[in-house]
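Please read the structure below before turning to the comments.
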Amino acid sequence: MEFTSTKIGKIHLNHCLMNASGVKCKTEIDLSNIYKTKVRTGVVVSKSCTLEFRRGNEGTTYYHSKESEMSINSSGLPNLGYEFYMEMAKKLEQNARDRKFRYLYEVKKPFIMSVSGMSQADNIHILESVFDKHKSHSIDGVELNLSCPNIIGKPQIGYDFEAFDEILRKTFELDVPKSINMGLKLPPYFDISHYSQAFDIINKYPIDTLTCINSIGNGLVIDPINECSVISPKKGLGGIGGSPIKSVALANVFQFSKNTHCDVIGCGGIVSAMDVFEHILCGAKAVQLGTIVMLEGLDVFKKIERELLSIMRNKGYKKISDFCGKLKYVEPEFNKY
Ligand code: RRO
């Protein structure tokens, strides 16, 4: 019998798939839906939150193409404020324990709260509150998002190495509870020197997990028929997701899993079970699905998990750790391609 259960940092997951923050995880209905047993995810991740409610960017903020399985978004961090997500964690846990909902929620899913304050001070304020109340609110982990590409006038913290180091220094000056999983969501890196700077910072702190990668920032998708951009904010620039970003995601998963002490959650370009398999082979202990969930809905988790189990069976693997991080390199003399 093959299993997809896994462990990321301090959290045990019954399934290695989970939702990527931002996709169908903003409202109470969204989060309750992901929590359902029939949605084969190992954890619930919330939409990144700020101190206060945010409407997000104006106009058309999302576009995807079925043919190329790609997306562009400039949502601009619409969310209901951090207190809402803390309350949701508590409520979902209570519902899971309530016998009258047993047909919906047979198992308690861990809850990861994604945090993306508008300033360092906001991040610290939110984190302090989460650390303080995580037990009473059943919050299992934090994913501190250092990589939102869509806030007008604000750079991605993950690309500003001074600010990156500073937010981690301030975070770990707080009383971080031993029982909470401390995770980061990183932007994609491309240059080797940028990878090294990120490794040096991350390896100074007791971070449990890294989610690699967020959407690739500031791409441009156009509609040549109407000769215009497909989304409105920032003159059409936005975060690219889906199939076209898989190779960048795999490189980041591989680099961060080999060069840091953290468990890596793969994200980016996963639209099939074989994509999941490749992420795990590169070192991901679990994976997040974004664009494909927007395209196909929450049932896609079940479909992809079933197909992953079939790939594992055909290859003779019984569990995720049988192939996690076991990528080989093609021999130079082999000249296969
Ligand atoms: O809300 C967004 O525009 C957004 C966020 Br916070 C993020 O982290 N990544 C993304 O592609 N969009």
Side-chain angles (χ1 to χ4, degrees), residues 18-27 30-31 45-65 69-82 84-85 112-120 122-123 126-127 142-160 163-164 167 183-189 209-221 229-246 248-249 252 265-271 288-295:
M18 62 173 94
N19 66 295
S21 175
V23 176
K24 297 185 187 290
C25 57
K26 186 175 78 181
T27 64
D30 290 341
L31 291 164
V45 189
S46 72
K47 170 67 188 165
S48 296
C49 63
T50 50
L51 212 49
E52 310 283 353
F53 163 89
R54 264 179 71 85
R55 194 173 294 284
N57 291 338
E58 302 275 314
T60 305
T61 57
Y62 186 82
Y63 166 88
H64 63 213
S65 151
E69 294 176 313
M70 64 79 68
S71 64
I72 180 167
N73 88 85
S74 184
S75 309
L77 209 33
N79 76 94
L80 300 166
Y82 82 100
F84 169 81
Y85 296 100
I112 294 184
M113 192 161 140
S114 175
V115 173
S116 187
M118 297 300 288
S119 66
Q120 301 261 26
D122 285 5
N123 274 328
I126 298 170
L127 290 175
V142 164
E143 186 179 86
L144 180 61
N145 183 355
L146 302 179
S147 48
C148 175
N150 299 326
I151 304 305
I152 296 166
K154 288 209 183 266
Q156 285 159 269
I157 302 175
Y159 289 144
D160 175 344
F164 188 168
I167 185 63
L184 305 179
K185 182 146 181 186
L186 298 177
Y189 294 97
T209 53
L210 301 171
T211 304
C212 300
I213 55 174
N214 207 320
S215 58
I216 298 186
N218 298 301
L220 178 60
V221 176
S229 66
V230 296
I231 58 166
S232 325
K234 283 171 70 179
K235 296 199 160 60
L237 300 190
I240 308 292
S243 277
I245 78 167
K246 185 176 77 174
V248 177
N252 277 263
I265 302 166
C267 182
I270 299 176
V271 301
Q288 296 184 349
L289 274 54
T291 299
I292 195 66
V293 177
M294 283 297 278
L295 276 161

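Numbers here simply count residues along the sequence, with the first being 1. Order of appearance sets the numbers: ligands from 1, and atoms from 1 within every ligand. Just so it is clear, the model here is predicted, and its values are computed rather than measured.
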Polar side-chain atom of S71 near backbone of H64 as donor-acceptor pair, under 3.5 Å: no

Under a strict 4.0 Å criterion on non-hydrogen atoms, which protein residues are in contact with ligand 1? K47, N73, S75, G76, L77, P78, N145, C148, P149, N150, N214, S215

Indicate whether the side chain of S114 and that of N145 have a donor and an acceptor atom separated by less than 3.5 Å. no

Considering residues at least two apart in sequence or located in another chain, which fulfil the side chain to side chain contact (heavy atoms under 4.5 Å, CB included) criterion with N123? V115, L144, I157, I167

Any side-chain donor-acceptor pair under 3.5 Å between T211 and E143? yes

Please say whether more than 12 non-hydrogen atoms of neighbouring residues, nucleotides or ligands are located less than 6.0 Å from CD in E58. no

Could you check whether S232 and N57, counting side-chain N and O atoms only, form a donor-acceptor pair closer than 3.5 Å? no

